[in-house]
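Worksheet for the structure shown next.
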Number of protein chains: 2
Amino acid sequence: MPAASAAQGRSTGDVGVRRRRAGRPSAAVLDKAGITAAALELISRKGYDGLTMAALAKQLEVAPSALYNHVAAKRDVLLLLEDHLTSLVDVSGFGAAAWEDAVRTWAWSYRNVFAEHTPLIPVIAVLPVTDAPQTLAMYETVSKGFIEAGFPQEQVVPAIVALESFIFGSAYDVTAPEDIFESGSLAESTPHFTAAVRSSASAAGWASAGGERGRPADTAFKLGLELLISGLGALRG
Amino acid sequence: MPAASAAQGRSTGDVGVRRRRAGRPSAAVLDKAGITAAALELISRKGYDGLTMAALAKQLEVAPSALYNHVAAKRDVLLLLEDHLTSLVDVSGFGAAAWEDAVRTWAWSYRNVFAEHTPLIPVIAVLPVTDAPQTLAMYETVSKGFIEAGFPQEQVVPAIVALESFIFGSAYDVTAPEDIFESGSLAESTPHFTAAVRSSASAAGWASAGGERGRPADTAFKLGLELLISGLGALRG
DNA sequence: AGCACTAAATGAATAGCATTCATTTACCAG
DNA sequence: CTGGTAAATGAATGCTATTCATTTAGTGCT
């Protein structure tokens, strides 16, 4: 909303396209929240390919170079996005529901948020948590949930990292085309795989007959997640 | 090796830097195998940032535009890399060892190969297997191993996808800096997480005292993988 | 009040990127 | 020998992130 309202709010009653003259404006036009919101808006309209510094500047009605007063590089914009999106992940189960249910809710929510933002995954994976306060807050909530559920302290981080790895990998799956496993003309040389693909496709269709959309990625995610949850659950003291 | 030997093998005895004149050469300079090898060489020296079409052309002693007679776009180069690397993944356990051991070998090898090539992961995840014969061959071997180990056919693909998701996510972890979880100045506001990070760090150090390098990523990978293997093992008929 | 300093904008410039195109040359099929 | 196709060069294109000089506004000091 800062992005949209940036078009208004100028003291002169000029029409939209009028350019700002050089020099520092009386009220700052840009801030990190506005940049984040504009980036999100841009991504939802044009995808990550459309997220260029020039396009972002245009969305904010600003010269591209102005962005560099607020971020050191494009990577910082991705970092702002990452931290914002993390705050959308549902951690409400921890402390409120059984550990299993809390993890389930968190993991599905986490995967769904980043399935729409897979280009951020390489950024997150290498990102020191210091630079991302919301992300750190999520880890704190989740860690607390694990410890209070009886996990030995030294197992908490490995357990979370294992879950997160699975979640990030699964987020990519969501974006894959449905026919990704169609082996085409080479089907004859891969009989076991081809048969397995066919039978899992029909099984997924059957399982989702109850109304919910059962995409292949969901089947695999559910399978892996439930195995991890029950396996990890056994580690609690 | 095609990349290195490309420098030699010209009929004229000219010194290295001499330019080829325009027009089709008597013997083709480029082919997909050579492009793949040159790309690998380049990546190992300069990393993925150094893998540009211009640099690749230079490595092959060719004009950049020449590459486009063999690949339609840079993405095709990444695809060549992906398929080549997949052929390096160790599937020798399937059919030779117990299912658990075969999966363990495969998963560690798969993770290690792509940990060095994380920029390819977004490519693989969306890649129809039709375009990658080596990858398809790997799936066939693994599928066969699963079916012969007693898996119900419709569970094979979800099981493999779940494992793969975990593997790809874990490959990113390997590249993360060791201090990625140091919460720095915000440590006081995240007591549970901070404590968990500290105790897992010392536990990992202890566990690896036997000589082997026990990086944090390895601890989490082992944990998750063993849980998945034993959970999946229970699905066999 | 006047003055230095800093912050936040513009606009012009830069280097590097993937990709395209016209052109040249070599081989092959008729 | 003659057309067509494949594979190279070299020049050009448009887009990219980023930098820099410049302008202007506000803040703190004396």
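Just so it is clear: chains get the letters A, B, ... in the order the sequence lines come, proteins before strands, and each one is counted from 1. None of these values were measured; they are calculated from a predicted model.
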Which listed nucleotide (C:dT19, D:dT9, C:dA9) is nearest to the side chain of B:K74?
C:dT19

Rounded off to whole Å, could you give me the CG-to-C1' distance for the B:D76 and C:dA18 pair?
13 Å

Which residue, B:A27 or B:Y68, contacts DNA chain C at a nucleotide closer to its 5' end, judged by nearest heavy atom?
B:Y68

Atom pair distance, as rounded to whole Å: CG in B:D31 and C1' in D:dA8:
14 Å

Starting at the 5' end of DNA chain D, which residue's closest nucleotide do you reach first, A:A72 or A:D49?
A:D49

Looking at C:dT10, D:dT18, C:dA18, which one has an atom nearest to any side-chain atom of B:M53?
C:dA18

is_close_aromatic(B:H117, B:Y48), centroid dist under 6.0 Å:
yes

So which nucleotide from D:dA8, C:dT10, D:dA17 ends up closest to the side chain of A:S65?
C:dT10

Base, sugar-phosphate or nothing for B:T52? Non-hydrogen atoms, less than 4.0 Å.
sugar-phosphate

The test is salt bridge (charged side-chain N to carboxylate O under 4.0 Å, His left out); show your working for A:D90 and A:R104 and say whether it passes.
CA-CA 10 Å; A:D90 185 353; A:R104 229 185 316 265; over 6 Å; no

If you measure only the distance, is there a donor-acceptor pair under 3.5 Å linking the side chains of A:Y139 and A:E164?
yes

Between the base of D:dA8 and the side chain of B:N69, is one N or O donor paired with an acceptor at under 3.5 angstrom?
yes

Side-chain N or O of A:R20 versus OP1/OP2 of C:dA9: is the shortest distance under 4.0 Å?
no

Are OP1 or OP2 of C:dA7 and a side-chain N or O of A:H70 less than 4.0 angstrom apart?
no

Between C:dG16 (P) and B:Y48 (OH): distance, integer Å
23 Å

What do you reckon, are the aromatic ring centroids of A:Y172 and A:F168 less than 6.0 Å apart?
no

Please determine, for the side chain of A:P64, which listed nucleotide (D:dA8, C:dA18, D:dT18) has the closest atom?
D:dT18

